[in-house]
Amino acid sequence: MKVLIATDKPFAAEAVKGIRDVIEKVGFELALLEKYTEKKQLLDAITDADAAIIRSDIFDKEVLQAGKNLKIVVRAGAGYDNIDLEAATAHNICVMNTPGQNANAVAELVFGLAVYAVRNFYNGTSGTELLGKKLGIHAYGNVGRNVARIAKGFGMQVFAFDPFLSKEQIEKDGIKAVESVDELYDTCQYISLHIPATAETKNSINRNLLNKMPQNALLINTARKEVIDEAGLLQLMSERKDFKYVTDIMPSNHAELLEKFAGRYFSTPKKMGAQTAEANTNAGIAAANQIVDFIKNGNERFRVNKK
Ligand code: 3PG
């Protein structure tokens, strides 16, 4: 059995070692494709792989079809919008993610970005503090829960909205559940996005919604760029000089935002949320174990595509 790690953005070395240990212990073989520059390299590497561990790497129809022996793809992370699930099902390939394994890393970055923004990007001028401010967590999954935990340490007032959870499920963590997306944005000066990129959420964070946020608003995006209506955000930031945007996923209109809103906008050059040794190790080893358990025992827990 050949397991391919295909990561354009490589894991920390210790994570690769941990994955190798799991895979080789059961007599499987490990192949490594990192920092590839062309799709052809991925297409070649996948040809004889039985399983693949990936991150945000694009697994479209062509890649899935090229994997003639491919039985399982595990996205070492949360979001699987980079994988064509229908094509995977059509080719009898099981797709899984590793929910929660990198959640703390992403949540910590939310506060790295938030402090950076409210201290005026460390430009020497007087900023503001997080203490006592209202933070809205948009979608209360694994990352959202970690954000809430850390926000309480900062002494923030924490609110959350999640259409898939009851008020009780959210409020048991000692935070406030709101009834609607509009109420979250109406209430909170700071919003942290944790929604996946789906047909429903794409472009859903638009000008009208963002304009509900109180004065001196800060939007923090460690989720996906596709959920933002980029033209709407640009318009809103032109209209509202009090609005700041910090993101871990570079927008398509990055250059324009940077030029127009210097001092109110920041993007990491490459998505950094899950880029810690701990998150890489947790997600990578979970992925390796899920592959072994699937191949040996048929365990499909964490499967995300239809059969
Ligand atoms: C995720 O969905 O798990 C995060 O966005 C991390 O993505 P990455 O593994 O590409 O850094």
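Atoms within each ligand, like the ligands themselves, are counted from 1 in listed order. Since we're looking at a predicted model, the values are computed, not measured.
Note that CD of E200 and CD1 of I195 are 11.0 Å apart. Values are rounded to the nearest 0.5 Å.
In this view, E14 satisfies the side chain to side chain donor-acceptor pair (under 3.5 Å) rule with no residue, not counting sequence neighbours.
Taking every non-hydrogen atom of A78 and a distance limit under 4.0 Å, the qualifying atoms of ligand 1 come out as 1 (C), 2 (O), 3 (O). Those atoms of ligand 1 that come under 4.0 Å of a heavy atom in R224, given as number and element, are 1 (C), 2 (O), 5 (O). Of all atoms in ligand 1, listed by their number and element, those nearer than 4.0 Å to a heavy atom of K9 are 8 (P), 10 (O), 11 (O). The S56 neighbourhood of ligand 1 comprises atoms 7 (O), 8 (P), 10 (O), with distances under 4.0 Å to a heavy atom of that residue. Against a heavy-atom cut-off of under 4.0 Å, G77 is close to the following atoms of ligand 1: 3 (O).
We find that E256 and K260 are joined by a salt bridge, their nearest charged nitrogen and carboxylate oxygen being less than 4.0 Å apart. The pair D248-R224 does not meet the salt-bridge criterion, since no charged nitrogen lies less than 4.0 angstrom from a carboxylate oxygen.
At the top of the distance list for atom 9 (O) of ligand 1, counting protein heavy atoms only, stands R55 NE, 2.9 Å. Looking at atom 5 (O) of ligand 1, its nearest protein heavy atom turns out to be K271 NZ, 2.7 Å.
Heavy-atom minimum distance, E34 versus P10: OE2-CB, 3.5 Å. Closest heavy-atom contact between L64 and F59: CD1-O, 3.7 Å.
In this structure, the ring of Y116 has its center less than 6.0 angstrom from the ring center of Y122.
Contact between Q275 and ligand 1 is absent, with no heavy atom of the residue lying under 4.0 Å from the ligand. The closest approach between any non-hydrogen atom of M272 and ligand 1 is not below 4.0 Å.
In terms of modelled atom types and a separation under 3.5 Å, the side chain of R75 and the main chain of G79 share a donor-acceptor contact.
At a heavy-atom distance under 4.0 Å, only side-chain atoms of N102, from C-beta outward, approach ligand 1. Contact annotation: for R75 versus ligand 1, heavy atoms closer than 4.0 Å belong to the side chain alone.
Looking at A274 next to ligand 1, no N or O pair under 3.5 Å apart turns up. Where the criterion is an N or O separation shorter than 3.5 Å, residue side chain and backbone included, G79 meets it with respect to ligand 1.
Partner of R145 under the side-chain contact (heavy atoms from CB on, under 4.5 Å) criterion, out of I175, D173, I137, I150: D173 alone.
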